[in-house]
Amino acid sequence: MKTFQSRLADPAAVSPSDTRHVQRLDVAGMRCEFPALRDSFVHLDGTAGTQVPRSVAAAIAETMSAAMSHGGTLTAAGRTAHAAVRAARSAIGDLVGAQPEGVIFGRNMTEMTFGMARTIAKTWRPGDEVVVCRLDHAANIAPWVLEADRAGATVRWIDFDTETGDITLDDVTAALSDRTRLVAMTAASNVLGTRPAIEQMAAAIHAAGALLYLDGVALTPHAPVDVTTCGADFFALSTHKVFGPHCAAVVARPALLEELSPDRLPCTPDSVPGRFELGTPSYEVLAGVRAMVDYLASLAGDTHQSRRARVLHAMGLIEEHEKVLRTRLVEGITSLRGVRVHGRPRLCTPTTLLSVVGTPPRALAEFLAERGIGVSVGTFHAEEATRALGLGPEGAIRVGPVAYNTTADIDAVVDAVGRFARAQ
Ligand SMILES: Cc1ncc(COP(=O)(O)O)c(C=O)c1O
């Protein structure tokens with residue numbers, strides 16, 4: 001009988017020299033840059049957070065070893081700190097196609113979204129409507145529901161197809177009215193990988209006169225992003241999911257930020273985006289964010305183009321590589337008796353949710369961890385989605401490949417899940 005591995009072509013195998021016709025992501029070269037990937041452990045929990053390349057860790061260490069003071073212009077140390085902030089804004093601008101003046105930094109997406117919701121909701125009134133999406137991470141639901149309650153606004157929900165995991169344009173328009181002030185939805189699900197057709201949906205949302213707050217946390221590591229083309233008014237991302245340090249950014253048009261008035265100290269600068277950032281920034285982390293985007297750009301190979309062009313190229317290579325990983329993973333898992341893959345979205349990231357029928361997911365996660373394979377288990381702060389999928393509080397297993405994963409990693413997890421399922 002043919003083994004699972006031999007039945008599948010292996011275009012994403014580690015072969016850096018294979019550049020015959022189409023440029024492919026140099027996964028082997030990439031892996032050498034990640035100190036955490038030196039041992040044989042298989043990291044397939046990238047949706048929760050990625051490992052970092054040496055250059056990111058070095059940028060943080062160098063910034064902390066250099067003379068550093070509060071950002072300012074008086075001393076070299078102050079100028080270094082200021083420069084780290086400016087460089088990070090410009091880097092995130094290049095990552096998602098935004099103006100640096102529209103890039104706000106914060107500790108993580110959850111905290112930032114609570115802050116943005118508090119600010120944006122200041123003009124909401126009873127009778128206004130706010131739309132959230134059942135497929136989203138709680139970080140893009142709870143802050144909006146809380147603020148809607150405070151303002152006396154009505155919350156409406158976008159549902160998704162629990163068989164496929166897809167959200168249609170009709171699902172979105174059904175939730176809109178002329179009272180809709182804001183739609184909060186995901187650019188990619190952190191449980192099913194679903195990538196809704198955001199451009200189309202943004203047009204409908206804007207036609208209804210509402211703003212779109214897009215959770216880009218689970219999309220940014222997997223595909224080229226252009227915040228202008230996709231129509232997001234606000235785009236949130238976490239750099240710890242994109243080979244960077246623990247940090248987050250919310251990106252918006254500077255003119256839109258000018259209209260908003262966040263709570264702040266009397267002495268906080270009035271200019272944007274600074275008025276949204278409270279207290280002292282984490283300069284060393286921002287140096288790591290800049291290094292993260294430089295690293296992504298370096299994956300494109302070509303050093304003659306702008307960083308933005310190289311980032312787009314590199315993210316396209318990552319997207320292609322991950323499509324191969326996802327196909328191999330889903331084909332492998334669905335060939336196993338008693339194992340179920342949840343959802344089959346038309347367009348998705350490689351994030352894949354699975355269950356072994358009749359077995360607690362934690363038992364499988366432990367079995368995999370004992371065999372050197374890291375996956376995630378639980379409901380992943382997406383309880384609205386996992387409940388709609390019929391999963392209990394124990395949730396399911398999430399396999400979250402990212403760019404540095406190989407087909408060998410996928411084969412390892414498929415084989416181990418198969419062994420576990422057969423033993424039940
Ligand atoms: C889709 C999505 N949105 C939001 C978040 C929250 O991000 P953070 O950890 O930066 O608060 C996560 C984290 O897993 C996520 O996957």
Side-chain angles (χ1 to χ4, degrees), residues 43-52 88 92 95-96 103-118 132-146 158 160 165 167 183-196 198 212-223 225 227 230 232 234-251 276-277 282 285-286 288-289 292 322 342-343 345 347-353 374-386 388-389 395-402:
H43 293 271
L44 280 168
D45 50 359
T47 316
T50 48
Q51 309 305 317
V52 296
I92 292 295
L95 179 63
V96 299
V103 177
I104 310 165
F105 286 112
R107 206 157 64 92
N108 56 53
M109 183 274 185
T110 305
E111 197 172 282
M112 290 196 82
T113 301
F114 270 105
M116 292 306 293
R118 197 168 58 233
V132 290
C133 173
R134 220 169 287 283
L135 192 54
D136 275 58
H137 188 287
N140 203 29
I141 298 177
W144 306 109
V145 171
L146 180 77
I158 299 171
F160 67 98
I167 299 174
V183 176
M185 70 178 289
T186 194
S189 157
N190 70 318
V191 283
L192 299 180
T194 311
R195 289 174 56 181
I198 291 299
L212 171 59
Y213 190 98
L214 201 59
D215 179 353
V217 170
L219 177 67
T220 313
H222 303 295
V225 172
V227 286
C230 79
F234 301 91
F235 185 93
L237 66 99
S238 304
T239 56
H240 48 280
K241 315 273 188 180
V242 204
F243 320 118
H246 289 86
C247 180
V250 172
V251 173
F276 289 83
E277 293 167 345
S282 181
V285 166
L286 294 180
V289 168
M292 171 197 102
E322 291 182 354
H342 300 277
L347 182 64
C348 62
T349 68
T351 301
T352 302
L353 194 69
V375 295
S376 312
V377 60
T379 52
F380 317 106
H381 302 289
E383 284 75 20
E384 289 291 341
T386 53
L389 289 166
I397 294 286
R398 182 177 68 186
V399 183
V402 293

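When a ligand or atom number is given, it counts from 1 through the structure's own listing order. Count residues from 1 along the sequence.
- Pairs engaging residues 236-246 under the side chain to side chain donor-acceptor pair (under 3.5 Å) rule: none recorded [sequence neighbours left out].
- Atom CG of L353 sits about 10.0 Å away from atom OG1 of T194, to the nearest 0.5 Å.
- Near ligand 1, heavy-atom contacts under 4.0 Å come from N108, M109, T110, H137, N190, D215, V217, A218, S238, H240, K241.
- The salt bridge (charged side-chain N to carboxylate O under 4.0 Å, His left out) test applied to R134 returns D159, E384, not counting sequence neighbours.
- For the side-chain contact (heavy atoms from CB on, under 4.5 Å) test, residues two or more places apart in sequence or in another chain that qualify with P143 are T113, F114, A117.
- Going from atom CG of L135 over to atom CG of N140 covers 11.0 Å, rounded to the nearest 0.5 Å.
- Note that CD of E383 and CG of D136 are 12.5 Å apart. Values are rounded to the nearest 0.5 Å.
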